[in-house]
Structures are given as C-alpha cells and as structure tokens.
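Single-structure report; data block below.
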Amino acid sequence: MSISLINVSKYYGQQAALKSISFEVERGQIVGFIGPNGAGKSTTMKIITGIIPASAGEIIVNGFKVEEDSLSTRRLMGYLAENNPLYTDMYIREYLSYSAGHYPLKTNKKERIEQIIDETGLTPESHKKISALSKGYRQRVGLAQALIHDPEILILDEPTSGLDPNQIVEIRNLILKIGKEKTVILSTHIMQEVEAICDRVIIIKEGEIKADGKPGEIALNAGIEKETILLEFDKKPDSEKLQAIGGVLKLKYISDTKILVETDPSRDMRPVLFNFAVSEGLTVLSMQKREMSLEEVFQELTK
C-alpha cells in the first residue's frame with residue numbers, strides 16, 4: 001500500500017475543510033483527485049505531504065505515519081504545488097542542484113540532474129534562467145524538482161493549469177510516462193485529462209468524498225448512472241409527442257434533428273423510439289446508447 005487516509009478531517013476554526021475522509025491508493029496507480037474550487041483537494045494534498053497537519057485521523061505512507069515520521073514520508077514523495085513556486089533568478093541546473101540538496105540521492109548529484117533534465121524534456125532550455133522560460137517549461141522545471149530524488153510517490157496539484165493545448169498534451173504525456181513506475185495523485189479541472197491518463201477518479205465536494213472508481217465506472221459506483229440514447233432523425237420530430245413517450249425522462253436537443261434522450265434505465269427504449277419514428281414518418285439516421293461522461297458525473301455530484 002502506498003497511501004492510506006483514515007477518517008481524516010481538517011478544521012480552520014469552526015470551518016471544516018475536510019470531513020472524515022478515507023481512501024487508499026495502491027502502488028503504481030494514477031489517481032485523479034477532482035472537485036470544485038474550495039472542495040478540499042489542495043488541503044488533502046498538503047496533509048498527505050506533511051506540509052500542514054490534519055485535525056483528526058491518520059495518514060500512512062508506505063507504512064510510515066505522516067504525523068509521527070514526517071521526514072521519512074517526505075523523502076518518499078515529490079510534490080508540485082498549484083502555483084509552482086520557483087526561484088526565477090536561478091538557472092535551471094542551479095535550481096535543481098539546490099532542490100537535490102534537500103534529499104539523499106541514490107546516484108551522483110550531477111548525473112541525476114542531467115538525467116532528470118533529459119527525462120522532463122528540459123534539454124533545449126537547460127542553459128536558461130527560470131525567469132526566461134515559458135509557462136510550459138516552468139511546469140517542467142516544477143516536475144523536475146519534484147522528481148529529482150526519484151520519489152516513489154508523486155503529488156501534483158493542477159500540473160497543467162494555465163498551459164496552452166499543446167503544452168497540456170506534453171505535460172500529460174510526461175505524467176503518463178512517470179506513472180508507469182510511480183504512484184501519482186493529481187488534481188485538475190480538465191476532465192479530458194483525467195479520462196486520458198488516470199486509472200481511478202476520486203470526486204470531492206465540500207470536504208467529503210462523493211465518488212471513487214475507474215473513470216468509466218464511476219457513475220455506476222455513485223448510483224447516478226443514467227440511460228441516454230443519442231438519436232438522429234431525417235427531420236425535426238414533434239417534441240411534445242417524443243417527450244410524452246412512456247420511459248422518456250428528458251430531452252436535450254443538440255440540433256433540430258439530433259437529440260439526446262434520457263430514458264428509464266430499467267428498460268431498453270430503443271425499440272420504442274424506433275416505433276415512434278415509424279409512426280411519425282421519420283427516418284432514423286442513427287441511434288446510439290451513450291454512457292455518462294466524467295464531466296456529466298462531476299456536474300451531477302458537485303452542482
């Protein structure tokens with residue numbers, strides 16, 4: 001077991017930031033930790049890394065209790081904070097040398113710096129001061145400092161925040177590469193990012209865990225799975241008649257002829273909808289059952 005949180009709470013005065021949350025993360029998983037602003041994501045990450053203490057509960061990292069042996073647990077982890085604090089007046093190698101000085105390294109320091117520069121794609125800019133780097137390369141420097149001591153666990157708070165689409169893909173691919181050998185917890189507001197790289201998703205709202213599971217199964221695990229059918233006709237149907245069909249719960253028009261139909265999940269509504277089309281003189285151009293997207297699950301649980 002890499003990380004275990006047991007009934008962890010955090011209070012700021014009377015304000016509860018976390019309310020007795022529990023979850024475990026296995027070695028080698030990439031876990032997306034998502035929630036609206038103020039849900040408790042950054043607080044949870046700071047508690048895991050030992051930056052701030054929990055008000056109650058236990059956090060165990062590879063057998064060490066964070067509250068009892070913070071130094072041992074910090075050696076096991078690399079952390080990239082949301083605002084990626086960097087010493088921008090330093091050169092890249094200078095900053096990484098400074099960062100490496102905080103940890104016992106497994107290899108020669110100079111060799112490790114060159115290795116991590118190569119692994120994080122910093123080589124083309126490695127001669128520059130951090131202040132001269134683009135936001136994408138600054139994120140790479142942040143990842144490099146988090147990885148400099150070759151940690152078993154990587155905690156990433158909004159690692160692609162503020163990046164352009166190409167930079168997001170680059171950082172995403174880098175995280176995927178890293179995740180093959182390490183345990184990764186990352187927070188993000190980009191649902192496509194979670195679906196693309198995460199083995200598992202934890203959704204948090206107002207300090208409470210609302211759902212936990214694989215991206216494709218989380219709606220079912222949360223008990224909110226809906227049956228939806230994407231229908232396309234050759235012409236616009238009568239909305240009132242379509243809505244009046246028994247088992248049709250909700251209509252969402254994508255266009256005049258393309259409609260997302262939410263239906264009773266206890267029955268297969270496709271034959272009923274096909275018969276409706278025949279009775280109305282409509283041609284069904286396509287009919288496709290559709291699972292809830294992660295974004296829809298997120299909105300359902302956090303709205």
message = Suppose we screen for ring-ring contact (aromatic ring centres under 6.0 Å, His included). Which residues come up paired with His102, at least two apart in sequence or across chains?
response = Tyr98
message = Applying ring-ring contact (aromatic ring centres under 6.0 Å, His included) as the test, list every pair that has at least one member in residues 14-68; sequence neighbours left out.
response = Phe23-Phe33
ring-ring contact (aromatic ring centres under 6.0 Å, His included) against Tyr253, all qualifying residues, sequence neighbours excluded = none
key: Distance under 6.0 Å and angle within 45° of ring axis: Lys236 vs Phe233   = no
ask   = Listed by chain and number, what are the ring-ring contact (aromatic ring centres under 6.0 Å, His included) partners of Phe298, not counting sequence neighbours?
value = none
request  = Scan for ring-ring contact (aromatic ring centres under 6.0 Å, His included) pairs involving residues 103-143, sequence neighbours excluded, and state none if there are none.
outcome  = Tyr103-His149
task = Could you tell me which residues satisfy salt bridge (charged side-chain N to carboxylate O under 4.0 Å, His left out) with Lys289, sequence neighbours excluded, listed by chain and number?
result = Glu227
ask   = Which residues, ordered by chain and number, are linked to Tyr91 in its hydrophobic cluster, where ILVMFWY side chains connect at heavy-atom gaps below 4.5 Å, directly or through other members?
value = none
remark   = With sequence neighbours left out, the residues meeting side chain to side chain contact (heavy atoms under 4.5 Å, CB included) with Thr188 are Ile34, Glu158, Thr160, Leu186, Ile190, Glu193, Val194
query = Ignoring hydrogens and geometry, is there a side-chain-to-backbone donor-acceptor pair from Lys235 to Thr283 under 3.5 Å?
reply = no
inquiry  = Can you list everything that forms a side chain to side chain contact (heavy atoms under 4.5 Å, CB included) with Lys65? Sequence neighbours excluded, please.
reply    = Glu58, Ile60, Glu67, Glu68
request  = Sequence neighbours left out, what passes side chain to side chain contact (heavy atoms under 4.5 Å, CB included) with Val66? Give chain and number order.
outcome  = Ile59, Val61, Thr73
Listed once per pair and sorted, the side-chain hydrogen bond (donor to acceptor under 3.5 Å, both in side chains) pairs that draw on residues 199-215, sequence neighbours left out = Gln29-Arg200, Arg200-Asp212
note = Taken in chain and number order and not counting sequence neighbours, the residues that satisfy side chain to side chain contact (heavy atoms under 4.5 Å, CB included) with Val272 are Ile245, Arg267, Met269
